[in-house]
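In what follows, every heavy atom counts, from backbone to side chain, and hydrogens, waters and symmetry copies are set aside.
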Amino acid sequence: MSVPNLVGMLPSEMEDLAVELGASRYRGRQLATWIYRKGVVDLEAMTDLPKDFRAALAGRVVTALPEVERETPSQDGSRKLVFRLDDGGRVSSVVMPDDGRVTLCLSTQVGCGYACAFCLTGTMGLVRNLTAAEILAQVLHANRILASDVARAEGLGGDVGAPYADQSSSPRHATHIVFMGMGEPLANYAEVVKTLKILTDAKLGLGYSPRRITVSTVGLVTGIEKLGRENLKVNLAISLHAASDEVRSRLMPVNRAWNLEALMQAVRRYPLAPRQRVFFEYVLLDGVNDTPEDAQRLARLLRNVRAKVNLIPFNDWPASDFRRPPLARILAFQSILLDAGIITTVRWSKGEDIGAACGQLKEAVA
Ligand code: SAH
């Protein structure tokens, strides 16, 4: 693992590397363009780069990416991509087309160390952080698959490259990216921030608008504060799941380190653009956090916060201790928030039939 991966390097690092190898910074920019704009990682295919430069590069870096081991389509149009990592570990991404947009849900760690009581991934414990290359690979592969789907549908051959700003009805790339797969993004801070910089670099990176990217956290206060200072302008989502410390600490051990007051203070300080809101995820668990009083407590907690609430009806997994509330209770909970003037949607998870729904990501290890 000591040979650096070219994929995952910032464009500016590629420029520095080119200079180190006796070439111009321009060669570094060409590298970034091939990898991030065109989705090509094979040095041999980078035909406008001098042969000796490519040979020098091949001696210094690798461009290896984890392969898609399995692609599982769901009945609802979403699909799960399972990646096999170098060391045999596995992570997955979920591609979710919906009404002209395609949302890609990324994993940032193998397993997760935060042990939320209702989350299947949490039962694995933390295995390791993903590298920026392994996180970006999920985007590059998903976009390649989407592009070839569109090309097939149009009966054309394969130009699979940028631009990433297209908004046609069947996009040839993910239009929105959420860091809501396996792992806690802010616990893998450096690699996640590097990935965000590459995703949002408009010239030499993938060119995603930061407003189409959402980073979700269990509520790591120092990470939220640091992310705010990066000024990347990405959306922040907080996995809240309870509006009292008593219930939240029972569901999410992390609440004992940073309680609701500390968390809400960090959230209030997170820099928001005009009309931007902080997202709050709230998994509805039958008889645990789903009463009208819980909804009222949540409304009070979010008073004076520019918030949008996503209610996630619990997705079941074998041997879980929880159940999804009946529909009427879910809708009643939503109405109380709406009546309090809080934008609230119910997120019916995608890919439940293929183990791709929120909190269901866990892959067997070979
Ligand atoms: N670790 C980060 C990123 C994961 S996001 C975070 O927690 O925010 C995945 C979301 O799905 C989180 O809000 C998580 O709490 C929620 N979730 C976990 N298990 C779930 C389940 N079984 N049903 C519904 N949502 C679940």
Side-chain angles (χ1 to χ4, degrees), residues 94 96 98-106 108 135 139 163-167 171 173-181 184-189 192-203 205-241 243 258 260-283 295 298-312 334 337-347 349 358:
V94 188
M96 297 168 284
D98 192 14
D99 212 14
R101 47 159 86 182
V102 177
T103 302
L104 173 62
C105 180
L106 299 180
T108 55
I135 304 172
V139 184
Y164 288 89
D166 138 337
Q167 276 187 307
H173 52 80
T175 58
H176 294 72
I177 294 182
V178 296
F179 286 73
M180 296 187 183
E184 166 52 40
L186 297 184
N188 183 12
Y189 189 84
V192 165
V193 165
K194 210 166 177 199
T195 304
L196 291 171
K197 287 181 177 165
I198 293 166
L199 289 175
T200 56
D201 183 329
K203 268 177 77 181
L206 279 82
Y208 278 97
S209 157
R211 295 296 294 275
R212 290 170 172 232
I213 296 180
T214 301
V215 176
S216 181
T217 176
V218 291
L220 304 188
V221 163
T222 46
I224 294 169
E225 289 168 348
K226 249 167 102 181
L227 186 67
R229 288 195 294 273
E230 306 278 351
N231 204 21
L232 289 164
K233 304 194 163 65
V234 295
N235 298 305
L236 176 67
I238 305 290
S239 289
L240 195 64
H241 307 323
W258 287 292
L260 281 170
E261 194 187 324
L263 175 58
M264 293 309 292
Q265 192 171 34
V267 165
R268 281 200 199 84
R269 290 190 186 139
Y270 187 79
L272 293 176
R275 299 206 309 277
Q276 191 176 19
R277 292 174 186 279
V278 174
F279 303 134
F280 291 88
E281 294 148 288
Y282 193 104
V283 57
L298 178 58
R300 278 198 300 278
L301 185 73
L302 298 183
R303 208 167 18 202
N304 304 322
V305 180
R306 266 153 65 194
K308 176 173 188 284
V309 173
N310 276 313
L311 300 174
I312 318 174
Q334 181 187 25
L337 294 171
L338 289 172
D339 288 346
I342 298 171
I343 303 172
T344 308
T345 56
V346 180
R347 187 200 293 164
S349 287
C358 301

Could you check whether any side-chain heavy atom of Phe280 comes within less than 4.5 Å of a side-chain heavy atom of Leu298, counting everything from C-beta outward? no
Grab the two heavy atoms, one from Met180 and one from Glu281, that are nearest each other, plus how far apart they are. SD-OE2, 3.5 Å
Work out which heavy atom in Ser239 is nearest to a heavy atom in Ser216; give both atom names and the distance. OG-OG, 3.7 Å
At their closest point, which heavy atom of Asn235 faces which heavy atom of Phe279, and how far apart are they? CB-CE1, 3.7 Å
Quick check for you: to the nearest 0.5 Å, what is the distance between His176 atom NE2 and Asp98 atom CG? 10.5 Å
4.5 Å side-chain heavy-atom contact, Leu240 and Leu263: yes
Scanning both residues in full, the closest heavy-atom pair of Tyr270 with Ile224 reads CD1-O, 4.0 Å
About how many Å separate CG of Leu311 and NE2 of His241, when rounded to the nearest 0.5 Å? 11.0 Å
Decide whether Glu184 and Thr108 meet the rule of one side-chain donor and one side-chain acceptor closer than 3.5 Å. no
Flag the pair Phe179 / Thr217 as yes when at least one side-chain heavy-atom distance between them is below 4.5 Å, and no otherwise. no
Please round to the nearest 0.5 Å and tell me the distance separating atom CG of Leu220 and atom CD1 of Ile238. 9.0 Å
One pair to check against side chain to side chain contact (heavy atoms under 4.5 Å, CB included): Ile135 and Asn188. What are the steps and the verdict? CA-CA 11 Å; Ile135 304 172; Asn188 183 12; 4.2 Å; yes
Show your reasoning for whether side chain to side chain contact (heavy atoms under 4.5 Å, CB included) applies to Thr214 and Val234. CA-CA 6 Å; Thr214 301; Val234 295; over 6 Å; no
From Thr200 atom OG1 to Ile213 atom CD1, the distance as rounded to the nearest 0.5 Å: 6.0 Å
The reported gap from NZ in Lys194 to CD1 in Ile198 (rounded to nearest 0.5 angstrom) is 6.5 Å
For a quick test of your reading: what N or O donor-acceptor pairs under 3.5 Å do the side chains of residues 301-310 make, sequence neighbours left out?
residue : atom : partner : partner atom : Å
Arg306  : NE   : Gln276  : O            : 3.4
Arg306  : NH2  : Ala273  : O            : 2.7
Arg306  : NH2  : Gln276  : O            : 3.2
Asn310  : OD1  : Thr345  : OG1          : 2.6

Closest heavy-atom pair, Ile342 versus Ala299, reported as atoms and distance to 0.1 Å, is CD1-CA, 3.6 Å
Under the rule for side-chain hydrogen bond (donor to acceptor under 3.5 Å, both in side chains), what residues qualify as partners of Thr344, not counting sequence neighbours? none
Side chain to side chain, Leu232 and Val215, heavy atoms closer than 4.5 Å: no
Tyr208 side chain to Leu196 backbone, donor-acceptor under 3.5 Å: no
Does Tyr282 have any ring-ring contact (aromatic ring centres under 6.0 Å, His included) partners at least two apart in sequence or in another chain, and if so, which? Phe333
Student check: side-chain heavy atoms of Leu272 and Val278 closer than 4.5 Å: yes
